[in-house]
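Shown next, in structure tokens, is the structure this report addresses.
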Protein chains: 2
Amino acid sequence: MRIGDLSARTGVSQRSLRYYENQGLLSTTRSPGGQRHYDEADVPRVQEIRAFLAAGLPTRVIAGLLNGLAVCRAAPDADEALHSWETLSRERSRITSVIDELVTARHALDELLAVNHAFLKEHPTAR
Amino acid sequence: MRIGDLSARTGVSQRSLRYYENQGLLSTTRSPGGQRHYDEADVPRVQEIRAFLAAGLPTRVIAGLLNGLAVCRAAPDADEALHSWETLSRERSRITSVIDELVTARHALDELLAVNHAFLKEHPTAR
DNA sequence: CTAAAACTTGACATGCATGTCAGGGACAAG
DNA sequence: CTTGTCCCTGACATGCATGTCAAGTTTTAG
């Protein structure tokens with residue numbers, strides 16, 4: 001799969017895909033002529049990256065997370081594993097708090113919607 | 001309450017508070033000398049703004065939302081109200097989908113944590 | 001009244017993710 | 001082989017929310 005296909009299948013711009021690779025979030029194999037080649041597994045991976053980005057995590061941190069697993073398996077160094085664990089935990093609680101804020105925001109939105117809805121009901125001319 | 005106090009109570013920098021005012025998210029009264037004065041109601045308001053920002057809404061949109069209610073009451077123009085309603089709904093579903101992505105992301109993190117935890121258990125030297 | 005602390009405006013700088021454009025290769029289909 | 005489409009790199013530009021610095025004014029406490 002080349003970059004155009006991956007872009008089409010994920011809805012992520014080619015620019016961004018190259019950027020993610022550049023930031024170490026995504027790796028590719030290259031054709032002899034230098035063109036990027038992706039495999040199926042990259043589709044969900046890109047979506048995962050988007051999810052992390054939506055969480056407000058910067059690419060540096062995401063890279064750390066995505067590589068954390070590999071590191072943890074490949075080089076079973078106790079210190080590294082522990083450090084990795086701490087990072088993961090910290091990020092998890094960060095995500096949780098962002099979720100909380102989002103829920104709060106959505107709640108505020110719901111209140112506005114309620115008022116607005118009442119108004120529209122009162123003035124059916126609004127169609 | 002002056003800007004330093006509000007900043008301390010909300011944890012938001014003075015720079016940002018001025019920026020929010022500049023973007024129409026926050027209004028202030030001024031002392032004769034020109035210094036900003038806030039009242040109690042601004043504390044929750046700032047927190048609400050932060051929540052919306054965390055949701056990824058740009059200040060322009062937040063201003064629209066926060067003023068939407070007032071507009072809807074003051075100038076009960078049907079078209080405006082309807083438009084406002086559409087905007088609100090769209091943003092609500094946007095926030096919901098971001099929340100979903102975050103939950104997914106947290107899930108992915110939990111898997112990494114599980115693997116990591118298993119590893120630490122296997123190599124108790126990690127302390 | 002005076003000095004320190006807090007505030008004001010304005011400008012410039014930064015980080016991040018993205019868009020966009022230009023000049024030049026890669027490759028598949030006729 | 002040629003042409004049209006896809007891809008490559010690199011550079012410059014943008015939007016947004018913030019940080020930071022400077023020079024000057026206001027407020028407050030001693």
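Below, each value reflects all heavy atoms present in this structure, side chains not excepted, and no hydrogens, waters or symmetry copies. The chains referred to below are lettered A, B, ... by the order of the sequence lines, with proteins before strands, and numbering in each begins at 1.
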Listed once per pair and sorted, the side-chain hydrogen bond (donor to acceptor under 3.5 Å, both in side chains) pairs that draw on residues 99-108 of chain A, sequence neighbours left out:
A:Arg106-B:Thr96
Figure out the CE/P separation between B:Met1 and C:dA6, and round it to whole Å.
17 Å
Using a heavy-atom distance cut-off of less than 4.0 Å, which residues of residues 10-21 of chain B contact DNA chain D?
B:Ser13, B:Arg15, B:Ser16, B:Tyr19, B:Tyr20
Mind listing the residues from residues 27-48 of chain A sitting with a heavy atom below 4.0 Å of DNA chain D? Number order is fine.
A:Arg30, A:Gly34, A:Gln35, A:Arg36
Rounded (10°) bend between the five-pair end axes of the helix from C:dC1-D:dG30 to C:dG30-D:dC1:
10°
I'd like to check the side chain to side chain donor-acceptor pair (under 3.5 Å) partners of A:Asp5; sequence neighbours left out, ordered by chain and number.
none
With heavy atoms under 4.0 Å as the rule, sort B:Arg60 into base, sugar-phosphate or nothing.
nothing
Residues B:His37, B:Arg30; criterion side-chain contact (heavy atoms from CB on, under 4.5 Å); working and verdict:
CA-CA 6 Å; B:His37 258 249; B:Arg30 298 297 187 108; over 6 Å; no
Which residues satisfy the side chain to side chain contact (heavy atoms under 4.5 Å, CB included) test with A:Ser93, sequence neighbours excluded?
none
Is the phosphate of D:dC16, meaning OP1 or OP2, less than 4.0 Å from a side-chain N or O of B:Thr59?
no
So OG of A:Ser16 and CG of A:Asn22: to nearest 0.5 Å the spacing works out to 12.0 Å
Among all residues two or more places apart in sequence or in another chain, which pass the side chain to side chain donor-acceptor pair (under 3.5 Å) test with A:Ser7?
none
For A:Arg18, salt bridge (Lys or Arg N to Asp or Glu O under 4.0 Å) partners two or more places apart
none
Between D:dT9 (C1') and A:Ile3 (CD1): distance, integer Å
12 Å
Would you give me the side-chain donor-acceptor pairs under 3.5 Å for residues 41-55 of chain B, sequence neighbours excluded?
unit_1: B:Asp42; atom_1: OD2; unit_2: B:Asp39; atom_2: N; d: 3.1
unit_1: B:Arg45; atom_1: NE; unit_2: B:Leu25; atom_2: O; d: 2.9
unit_1: B:Arg45; atom_1: NH2; unit_2: B:Leu25; atom_2: O; d: 3.1
unit_1: B:Arg50; atom_1: NH1; unit_2: B:Tyr20; atom_2: OH; d: 2.7

Side chain to side chain contact (heavy atoms under 4.5 Å, CB included) partners of A:Arg60, counting only residues at least two apart
none
Judged by nearest nucleotide, the residue sitting upstream toward the 5' end of DNA chain D, A:Asp5 or B:Leu53, is A:Asp5
Sequence neighbours excluded, which residues qualify as side chain to side chain contact (heavy atoms under 4.5 Å, CB included) partners of B:Ser27?
none
Expressed as a whole number of angstroms, how long is the span from B:Ile62:CD1 to D:dA17:P?
7 Å
With sequence neighbours excluded, tell me which residues meet salt bridge (Lys or Arg N to Asp or Glu O under 4.0 Å) with B:Arg2.
none
